[in-house]
Every structure is written in C-alpha cells, then in structure tokens.
Amino acid sequence: MTAPDHIIVGSGINALVCAAMLGGKGAKVLVLERNDRIGGCMRTEEITAPGFVHDVMATTFVLFITSPAFAALGKDLAQHGLEFCHTTTPTGVLRPDGSHAVLSTDRAANIAALNAIASGDGDQHGGDVGGIERNAGLLFGLLGGALWSYPTAKMLAGDAWRRGPRGLAAFLGEALVPARSWLESTYQSEAIRALWAPWVLHAGLGPEDAFSGQIAKVIAFALEAAGAPIVKGGARNLLAAFEALIIERGGVISTEADVASIILDRGRATGVRLASGETVHAKKSVICSVTPTQLYERLLGKDAPAAVTEAVRNYRYGKGNFQIHYALDKPPTWRGEGLDKVALLHLTPGLDGVSKACNEAVRGLLPEVPTICVGQPHALDPSRCPDGKAILWLQLPEAPRHIKGDAAGILQASADGRWTEALREAYADRVEAILSNHVKGFKSSVIARRAYSPADLEAMNVNLVGGDPYGGSSTIDQSFLWRPFKASRNHDTGIKNLYHIGASTHPGAGLGGGSGFLLAGRL
C-alpha cells in the first residue's frame with residue numbers, strides 16, 4: 001500500500017477497534033504486530049490435547065458486548081463470522097465448607113436466591129445493581145468517556161445541577177469505598193461476600209483498595225445484564241472477524257513486524273522504523289497500543305519528552321497472572337448444586353481469603369490459598385472439545401511478579417526470584433489439590449494440563465510486564481485522569497501526531513476496546 005494515514009503499533013483489542021473504526025471512516029490504516037499472530041491477550045490454541053480448544057489468556061467478553069465499540073462494529077463483525085455463546089449463570093462462588101452462591105441473569109431470581117441464603121441480602125443486591133442502573137449515565141460516562149473533554153465537563157456540570165454540588169461530591173466519595181467496607185457493612189452472608197470479593201481482582205484491584213467496592217458493583221450489574229459470554233470456537237474467531245473487517249475497509253495487517261523506534265521530524269511523529277531496518281511513514285498519525293515502558297523507553301528512547309521520563313520510571317505494574325488449562329475426560333462434578341453451568345466460578349475461603357492471598361502476592365509471596373477463577377467453556381460452547389469431554393480455564397489473579405518466598409513455607413523460590421518451570425508446576429500442583437477437593441474424582445478425569453506462569457505470559461506478550469494483564473496497577477492514583485501519568489491528557493503523548501492507547505491508558509484494562517474507540521472517534 002502507499003503510505004497509510006495511520007500506523008497502529010500492536011494488535012490487541014484496542015488496536016483492532018481503532019483500526020476498524022478509522023477504516024470505516026475511509027482512512028487507510030496499517031497495523032504492525034511483532035508476534036506471528038494478532039490479538040494481544042487473545043489467543044486460541046490446542047495446548048493440552050488434540051480437539052481441545054483453549055483460549056490461552058483472555059476468554060470472557062462481557063466488557064466487549066456492552067461497549068460502545070461493539071455497538072458500532074458488532075453487526076459488521078457478525079457478518080464476518082463472529083458469534084457468542086452464553087449461559088444464564090455467569091458467575092458463582094464455592095467455599096471450602098461447601099457453601100456456595102450463584103448469580104443468574106434474572107434480577108428477580110437473584111434477589112430471591114440471595115435472600116434465601118441470608119434474609120435481606122437479596123434485597124441489598126437489588127439495591128446495589130439498581131443503583132448502578134440509575135446512575136449509569138454518570139458512571140459509564142466517567143468509566144468509558146474521554147475525561148479531558150467538553151462532553152465530560154458538560155455531563156458533570158449537568159449532574160452537579162441535578163444533585164447539587166455537594167450531592168455530586170457525596171456520590172463520588174461513596175464511589176471510593178473499598179470492597180471490604182461495602183461488603184462487610186451491607187451483606188450478612190459470608191458466601192455472598194465471597195461471591196463479589198474475587199471480582200475486584202479482575203479489575204486489577206484488591207478488596208482494600210479505594211474504588212474496589214464501586215467497581216465490584218459495576219461488574220455485578222454487567223454480569224447480571226449481559227452474562228459472561230465467550231466466542232464460539234474460541235477468541236481466534238473474534239480476531240479473524242476483525243482481520244476480515246479491517247481488510248475489507250482498506251486496512252493492512254502485518255505480523256512479525258517488530259517496530260524498533262518511532263521516526264520524528266521537527267517534533268512530530270512521521271512513521272516507524274522496524275527491527276529489520278525498514279521504515280514506514282504515515283500521513284497523519286502513529287498510534288501505539290503498548291505499555292508506557294515500551295512506548296517511552298523502547299520506541300522513543302532519547303527522544304521521549306523530558307517531562308515524562310520520571311513518570312515512566314515511577315509507573316507501577318500490578319500483580320502477575322497465573323493460568324492453568326485442563327483437558328478432562330468428563331465434565332466436572334462439583335460439590336455444589338447448579339455449579340456445572342456457571343461460566344466463571346471462584347474457589348475461595350471468602351473475603352478474608354481473597355484479602356490474604358492478594359496481600360501475599362503483593363509482598364512477593366506465593367499465596368498459600370490462592371483465589372482460583374474456574375472457567376467452564378464447554379458448558380457454553382460444546383464445540384471447544386470432543387463430545388462428553390470438558391475443558392477448564394483457570395486464572396489466578398494473585399501471582400507475584402518477583403518471588404520472594406512461599407506463604408505456605410513449602411515451595412522454594414530461586415535466588416533471583418524468577419519463575420522456573422519446576423516452580424510453575426509445583427504451584428500448579430497446589431492449585432490442583434484445591435480444585436480436587438471441590439470436584440469429585442477430578443484427578444482421574446484429567447487428560448492433560450498446561451500451566452503458564454507470569455513469566456510465560458510476558459514471553460508471549462511483552463506488554464504483560466511481570467505477567468500483569470492490566471497494563472499497570474489500577475489503583476485510583478493510576479486511573480481515570482491519572483492514567484498512565486498524573487499529567488496525562490486523554491491519549492496524547494506530548495509529541496504531535498503520536499498517540500497512546502491500550503490497557504495502560506484510560507479507560508484501562510479489559511476487553512472493551514475503550515481507548516481505541518475513543519481515539520478513533522477523536523481522529
């Protein structure tokens with residue numbers, strides 16, 4: 001192709017959304033991906049046994065199907081083969097004593113079921129998700145909108161007029177309440193507290209972090225409203241649909257194209273230089289869907305604005321992820337009624353258990369009793385494995401990036417704190433032992449297992465620094481107006497025609513494609 005209008009570095013969800021949106025407006029886009037395939041954290045492979053199709057990293061797309069990006073692109077992606085599979089029970093929790101709770105996509109049924117566990121807890125749930133619904137305009141405007149913009153300022157001014165300035169301040173202050181404070185002050189049942197406590201981990205937070213209570217309520221609302229869908233046939237089919245749509249709109253995607261640096265001319269970005277030595281120029285902009293470390297230290301280097309040098313050095317990455325995938329000879333028989341159809345089931349002792357494991361990981365320790373998120377893709381999409389078989393997708397969001405020791409005092413960390421193959425498998429054994437206590441005859445049903453440590457995940461995607469899938473710590477001081485930096489302004493970089501998108505930028509991590517959508521709309 002001739003020089004494109006826009007070059008996009010990286011090919012995760014934000015990059016693909018941005019490319020498709022810009023292409024839909026007639027712009028010529030070139031997507032450059034350093035790996036041998038597009039997708040970022042979306043990857044589908046038969047990693048355990050033939051015929052067992054696993055989403056190696058991300059698998060659940062509730063944030064995408066509820067996003068403005070999907071509203072704009074969903075019909076076109078469907079024409080290129082994209083389909084989603086659903087279940088009416090998106091999430092649940094199972095505790096060591098067998099107590100459990102399940103959330104459905106029916107609010108009235110949820111209120112009744114949670115009231116049956118503890119009188120009043122169902123009504124509290126209805127009030128919590130109802131509050132999110134009533135305040136959706138403000139909440140989702142802040143969570144997904146361009147913060148430094150006239151529409152956001154107008155929205156806040158209008159809300160302040162309706163509530164009164166003090167009322168708006170009170171609402172925003174309430175939004176900062178940690179999940180522990182919210183759960184302990186409003187729910188009586190430990191099982192129901194345990195239902196929501198693990199979900200803050202999927203937002204890159206811990207139960208004691210500011211804003212974790214509000215984000216858990218938002219997640220509760222989203223799961224109840226839209227479920228926890230997965231892509232039929234694997235996330236690879238979403239990537240295939242995006243690729244076809246981008247090409248249909250005149251775009252070009254190039255894999256194994258490692259961008260080594262950004263070309264600047266008189267203070268503006270004009271193109272990129274590949275590791276091969278080839279240069280590619282852009283007529284309008286260069287858009288980087290990478291971490292701040294990749295953008296400012298690797299791609300810009302000495303040309304990075306002096307004002308961001310210290311900010312990059314102080315940018316914090318969060319906990320690592322640990323993944324385990326199973327091919328099973330039969331679907332699991334859970335020690336709890338109704339758990340076999342749950343899309344994402346958490347295994348945890350409860351709120352204190354989540355807090356303990358999270359704290360251990362933050363301090364560099366392998367958690368003694370990790371929080372385990374178990375996905376059951378076969379329950380939603382039987383095409384993922386042979387008839388009568390099953391697959392499990394396990395995510396452990398509390399894994400140390402650098403290992404200082406073992407909270408249980410059993411496993412031996414290496415002197416350099418790195419993940420080794422032996423330590424990875426030993427830790428996977430710990431997880432499997434917990435899983436086996438919850439599933440009847442589990443070990444005898446295992447055909448194959450594949451584990452990925454945080455180091456393995458980073459090896460697959462350089463943007464997963466230390467295995468952090470959220471592009472950096474998501475605590476309040478590194479979110480919203482202050483993501484990635486305190487002086488950040490939307491997706492600007494301080495260099496003309498160079499823009500920054502991806503999980504490290506507002507609206508943050510997840511598969512919503514928000515930053516790609518916002519920038520495409522702006523450009």
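Bear in mind the structure is a predicted one, so any value in this text is a computation, not a measurement.
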Is [X] salt-bridged to [Y], cutoff N-O under 4.0 Å?
X: E45; Y: R37; result: yes
X: D406; Y: R430; result: yes
X: D456; Y: R450; result: no
X: D258; Y: R273; result: no

Given 3.5 Å as the limit, does a donor-acceptor pair link the side chain of [X] with the main chain of [Y], or not?
X: H491; Y: I501; answer: no
X: D381; Y: C85; answer: no
X: N135; Y: I132; answer: no
X: R449; Y: T48; answer: no
X: N237; Y: E83; answer: no
X: S479; Y: S474; answer: yes
X: H500; Y: V290; answer: yes
X: R236; Y: G233; answer: yes
X: T493; Y: Y499; answer: no
X: Q376; Y: H378; answer: no

For atom [atom1] of [X], decide whether the heavy atoms of other residues, nucleotides or ligands shown that lie under 6.0 angstrom number more than 12.
X: K486; atom1: NZ; result: yes
X: E297; atom1: CD; result: yes
X: R418; atom1: CZ; result: no

Polar contact flag, side-chain donor to acceptor under 3.5 angstrom, [X]-[Y]:
X: D265; Y: T270; answer: no
X: T255; Y: R34; answer: no
X: S355; Y: E208; answer: yes
X: Q395; Y: N321; answer: yes
X: D55; Y: T44; answer: yes

Reference residue P377; test side chain to side chain contact (heavy atoms under 4.5 Å, CB included); the match among V231, I391, L392:
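Passing option: I391.
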Before giving the answer on salt bridge (Lys or Arg N to Asp or Glu O under 4.0 Å), spell out for D492 and R522 the whole-Å C-alpha distance, their side-chain angles and the decisive distance to 0.1 Å.
CA-CA 11 Å; D492 294 344; R522 173 183 168 188; 2.6 Å; yes
Can you check side-chain contact (heavy atoms from CB on, under 4.5 Å) on V56 and Q323, steps first, answer last?
CA-CA 8 Å; V56 178; Q323 301 257 175; over 6 Å; no
Non-hydrogen atoms of [X] and [Y] that approach each other most closely:
X: A235; Y: M42; result: CB-CB, 4.3 Å
X: L365; Y: A407; result: CB-N, 4.0 Å
X: T152; Y: A146; result: OG1-O, 2.5 Å
X: D416; Y: H402; result: O-CE1, 3.0 Å
X: V17; Y: G516; result: CG1-C, 4.1 Å
X: G204; Y: Y470; result: CA-CD1, 3.7 Å

Do [X] and [Y] have side chains that get closer than 4.5 Å, going by heavy atoms?
X: L299; Y: S261; answer: no
X: H325; Y: L394; answer: no
X: W419; Y: R401; answer: no
X: V431; Y: L396; answer: yes
X: V280; Y: I7; answer: yes
X: L147; Y: H506; answer: yes
X: L201; Y: C358; answer: yes
X: N490; Y: L518; answer: no

Atom [atom1] of [X] and atom [atom2] of [Y]: how far apart are they, to the nearest 0.5 Å?
X: L300; Y: I262; atom1: CG; atom2: CD1; value: 4.5 Å
X: D209; Y: R180; atom1: CG; atom2: CZ; value: 12.0 Å
X: L347; Y: T371; atom1: CG; atom2: OG1; value: 9.5 Å
X: I8; Y: S289; atom1: CD1; atom2: OG; value: 8.5 Å
X: I47; Y: Y326; atom1: CD1; atom2: OH; value: 12.0 Å
X: S11; Y: L239; atom1: OG; atom2: CG; value: 7.5 Å

Going through the checks in order, is the salt bridge (Lys or Arg N to Asp or Glu O under 4.0 Å) test met by R483 and D477?
CA-CA 8 Å; R483 193 166 186 87; D477 66 296; over 6 Å; no
Assess the pair [X] and [Y]: is the distance between their ring centroids shorter than 6.0 Å?
X: H346; Y: W199; value: yes
X: F322; Y: Y452; value: no
X: Y315; Y: Y296; value: no

Would L142 and L172 count as a side-chain contact (heavy atoms from CB on, under 4.5 Å) here? Give the steps.
CA-CA 11 Å; L142 293 174; L172 295 175; 4.2 Å; yes
Look at the aromatic rings of F242 and F64 and report parallel, tilted or perpendicular, splitting at 30° and 60°.
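F242 vs F64 ring planes: tilted.
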Geometric class of the F70/F84 ring pair [parallel <30°, tilted 30-60°, perpendicular >60°]
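Taking F70 first and then F84, their aromatic rings stand perpendicular (interplane angle over 60°).
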Could you walk me through whether I403 and Y427 pass the side-chain contact (heavy atoms from CB on, under 4.5 Å) test, one step at a time?
CA-CA 12 Å; I403 308 164; Y427 191 61; over 6 Å; no
Would you check, one step at a time, whether the test side-chain contact (heavy atoms from CB on, under 4.5 Å) holds for C288 with L498?
CA-CA 8 Å; C288 295; L498 177 64; 4.0 Å; yes
Take H80 and E248, measure what side chain to side chain donor-acceptor pair (under 3.5 Å) needs, and give me the verdict at the end.
CA-CA 10 Å; H80 290 289; E248 178 182 80; 3.3 Å; yes
